[in-house]
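Below you'll find the structure, written out as structure tokens, and then a few comments.
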Amino acid sequence: MWLKLSAPEKREASGLEIDSKLPNTGTTIFTVMSALANKHGAINLSQGFPDYNPPSELLEAACSALSEGHNQYAPMAGLIDLRLQVGALTKLRHHYDADPETEITIVPGATEAIFCAIQACVNHGEEVIVFDPAYDCYEPSVTLAGGKTIHLPLQLPNFHIDWQQLADSITPATRMIIINSPHNPTGSVLNQQDLERLADIVRDTRIIILSDEVYEYLVYDGQVHHSVLSHAELRERSYAIFSFGKTLHATGWKTGYCIAPPALSRELRKIHQYVCFVAVTPIQRGLADYLAHHWGQLNLLSGFYQQKRDLFCQGLNQSRFKLIPSAGTYFQLADYGEISDMGDLKFSRWLTTEVGVAAIPLSPFYAEKNNNTLVRFCFAKQDATLQEALIKLCQI
Ligand code: PMP
Ligand code: GLN
């Protein structure tokens with residue numbers, strides 16, 4: 001007599017059962033919270049994306065690129081015209097003349113470049129240091145490369161790096177340090193002194209820096225962004241990664257770039273060419289044409305977003321939330337400790353379903369369980385959207 005197998009047993013018996021390479025990874029919190037916001041018709045201040053369009057000149061440039069026939073594969077490293085524009089911008093902003101042929105790679109989103117850079121450098125058993133709360137895509141990429149992620153906590157009250165703790169955490173197995181400034185989710189930024197400390201720590205080691213600078217234009221209160229590219233020593237060992245999604249209100253275009261020395265870029269491209277081969281051609285063409293004429297517009301971003309941050313913070317100051325100052329990005333942390341003793345996942349769900357405003361809980365950004373009562377709001381929204389959300393948040 002045949003014994004009936006359960007569905008999981010059948011899969012196992014058939015040999016189709018997958019031994020997951022990411023057993024502890026679920027669906028990203030951004031996907032989960034946006035879906036919840038949509039389901040309940042909540043104002044979505046969770047996942048980071050604007051509720052307004054890219055500049056009209058950029059939309060026109062991309063439409064022209066489509067209709068004028070820029071619809072076939074671009075060169076693997078990206079359209080040369082876009083790489084030239086990126087090179088010119090980099091020289092202007094970071095005083096570094098990156099070679100478009102060997103150092104600049106156009107990628108289908110910063111996420112892909114982060115993945116490729118990690119796969120290129122990290123070997124089995126090597127360590128990668130990240131700072132918690134950390135953006136979600138770093139650790140899975142390290143795990144897939146066979147590496148080990150070492151989590152160091154950013155220090156309260158302003159989420160800065162404890163450089164001594166970093167120095168003490170370096171081992172012979174340390175292969176990479178990932179920094180992210182301006183920082184998602186806390187809004188903290190690194191200054192020149194921070195870069196000097198980092199350079200001191202990695203000097204005479206084989207450590208590579210992955211510098212996630214996707215929010216480079218979004219720094220406030222008269223500060224400037226300090227890129228690893230502006231530091232002669234650090235840039236020799238760094239992948240600096242950027243995203244047009246943030247700078248041009250076009251997160252759905254998934255286009256960015258990576259700047260790294262030739263030897264590092266060569267290895268990144270070996271992976272990039274087999275993950276996706278190239279970024280999307282008409283989008284690259286549109287970006288190149290837009291930047292050629294309108295690159296100056298990027299300098300307005302900081303003022304544009306500072307006004308939104310201030311509007312949101314002034315409103316939220318009338319609520320029972322306590323604000324953690326945000327020096328950069330389009331995110332604002334808020335402490336709900338005086339409102340509720342729920343855990344942050346539960347509180348964020350409640351806020352979405354009962355109050356009608358979606359936010360991102362902070363615990364998914366931490367490896368260790370912690371009891372903070374913080375949520376992240378995205379203020380890259382029309383003023384009217386922010387005002388509508390503030391009315392709801394102030395009623396709690
Ligand atoms: N790094 C950080 C810190 C981010 O917040 C994001 C997300 N938007 C990315 C990387 C990924 O950017 P992209 O959408 O260009 O892949
Ligand atoms: N970076 C965006 C955020 O932090 C989300 C991007 C994504 O959903 N993967 O909200």
Side-chain angles (χ1 to χ4, degrees), residues 20-26 28 30 76-78 103-152 161 166 169-181 183-185 190 198 201-202 205-216 227-229 234-243 245 254-279 364-367:
S20 178
K21 293 188 178 178
L22 297 172
N24 303 319
T25 302
T28 79
F30 311 116
M76 181 268 277
E103 297 186 296
I104 301 174
T105 308
I106 308 298
V107 293
T111 312
E112 195 251 7
I114 291 167
F115 180 81
C116 294
I118 291 171
Q119 302 311 309
C121 303
V122 179
N123 283 304
H124 193 83
E126 290 183 329
E127 294 176 357
V128 177
I129 296 178
V130 304
F131 298 95
D132 283 4
Y135 186 59
D136 67 342
C137 76
Y138 307 145
E139 178 154 21
S141 299
V142 174
T143 306
L144 289 174
K148 186 175 174 206
T149 306
I150 308 295
H151 295 265
L152 300 183
I161 293 176
L166 174 65
S169 306
I170 305 292
T171 75
T174 308
R175 184 55 166 152
M176 180 180 267
I177 298 171
I178 301 182
I179 55 173
N180 169 213
S181 175
H183 183 257
N184 180 6
L190 296 178
L198 180 61
I201 291 169
V202 297
T205 71
R206 58 192 286 277
I207 297 173
I208 287 167
I209 307 295
L210 191 161
S211 185
D212 179 344
E213 304 185 19
V214 300
Y215 300 101
E216 68 158 333
S227 171
V228 288
L229 296 174
L234 284 176
R235 71 170 168 253
E236 290 304 310
R237 54 169 79 232
S238 295
Y239 287 100
I241 295 174
F242 304 85
S243 174
K254 292 299 296 182
T255 309
Y257 56 96
C258 174
I259 301 185
L264 298 191
S265 292
R266 201 177 312 124
E267 291 306 312
L268 173 127
R269 288 177 185 179
K270 284 185 192 173
I271 316 248
H272 160 77
Q273 67 182 346
Y274 293 124
V275 171
C276 66
F277 184 54
V278 278
F365 294 77
Y366 284 93

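- A side-chain donor-acceptor contact under 3.5 Å links Thr171 to the backbone of Ala173.
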Without placing hydrogens or testing angles, list every side-chain donor-acceptor pair under 3.5 Å for residues 129-137, not counting sequence neighbours.
residue, atom, partner, partner atom, Å
Asp132, OD1, His151, ND1, 2.9
Asp132, OD2, His151, ND1, 3.0
Asp132, OD2, Ala367, N, 2.9

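- Thr25 has its side chain out of reach of Glu139: every pair of non-hydrogen atoms, C-beta onward, lies at least 4.5 Å apart.
- In this structure the side chain of Tyr138 never reaches within 4.5 angstrom of the side chain of Thr149, judged on heavy atoms.
- Counting heavy atoms from C-beta outward, Asp212 and Asn184 have side chains that stay 4.5 Å or more apart.
- The shortest heavy-atom contact between Val228 and Ala240 is CG2-CB, 3.9 Å.
- Contact check for Thr174 versus Thr205: no side-chain heavy atoms found under the 4.5 Å cut-off.
- Separating the CG atom in Leu268 from the CD1 atom in Ile259 is a distance of 12.0 Å, to the nearest 0.5 Å.
- Between Tyr239 and Glu267, the shortest heavy-atom distance links the atoms OH-CB, 4.5 Å.
- The heavy-atom pair separating Ala279 from Ile106 by the smallest distance is CB-CG2, 4.2 Å.
- Arg175 places no side-chain N or O within 3.5 Å of a backbone atom of Gly147 that could act as its donor or acceptor partner.
- Across all their heavy atoms, Cys276 and Pro108 have their closest contact at SG-CG, 3.4 Å.
- In this structure, the side chain of Ser265 does not engage the main chain of Pro262 through any donor-acceptor pair within 3.5 Å.
- Between Leu198 and the choices Ile161, Ile207, Ile179, the side-chain contact (heavy atoms from CB on, under 4.5 Å) rule is met once, by Ile179.
- Between the side chain of His272 and the backbone N or O of Glu112, no donor-acceptor pair lies under 3.5 Å.
- Side-chain contact between Leu144 and Gln119: present, with at least one pair of heavy atoms (C-beta onward) separated by less than 4.5 Å.
- Among all heavy-atom pairs drawn from Gln273 and Lys270, the shortest one is CG-O, 3.2 Å.
- Comment: Glu103 does not engage Arg235 in a salt bridge, judged by the lack of any side-chain N to carboxylate O separation of less than 4.0 angstrom.
- Expressed to the nearest 0.5 Å, how far OG1 of Thr143 lies from CG of Asn24 amounts to 8.5 Å.
- For the atom pair Ser211 OG and Ile178 CD1, the distance stands at 10.5 Å (nearest 0.5 Å).
- For Thr105, the side chain to side chain donor-acceptor pair (under 3.5 Å) test picks out Arg269, with sequence neighbours left out.
- Below 30°, between 30° and 60°, or above 60°: for Phe30 and Phe365 the angle between ring planes is above 60°, a perpendicular geometry.
- Taking every heavy atom of both residues into account, Ile208 and Cys121 meet most closely at CD1-SG, 3.7 Å.
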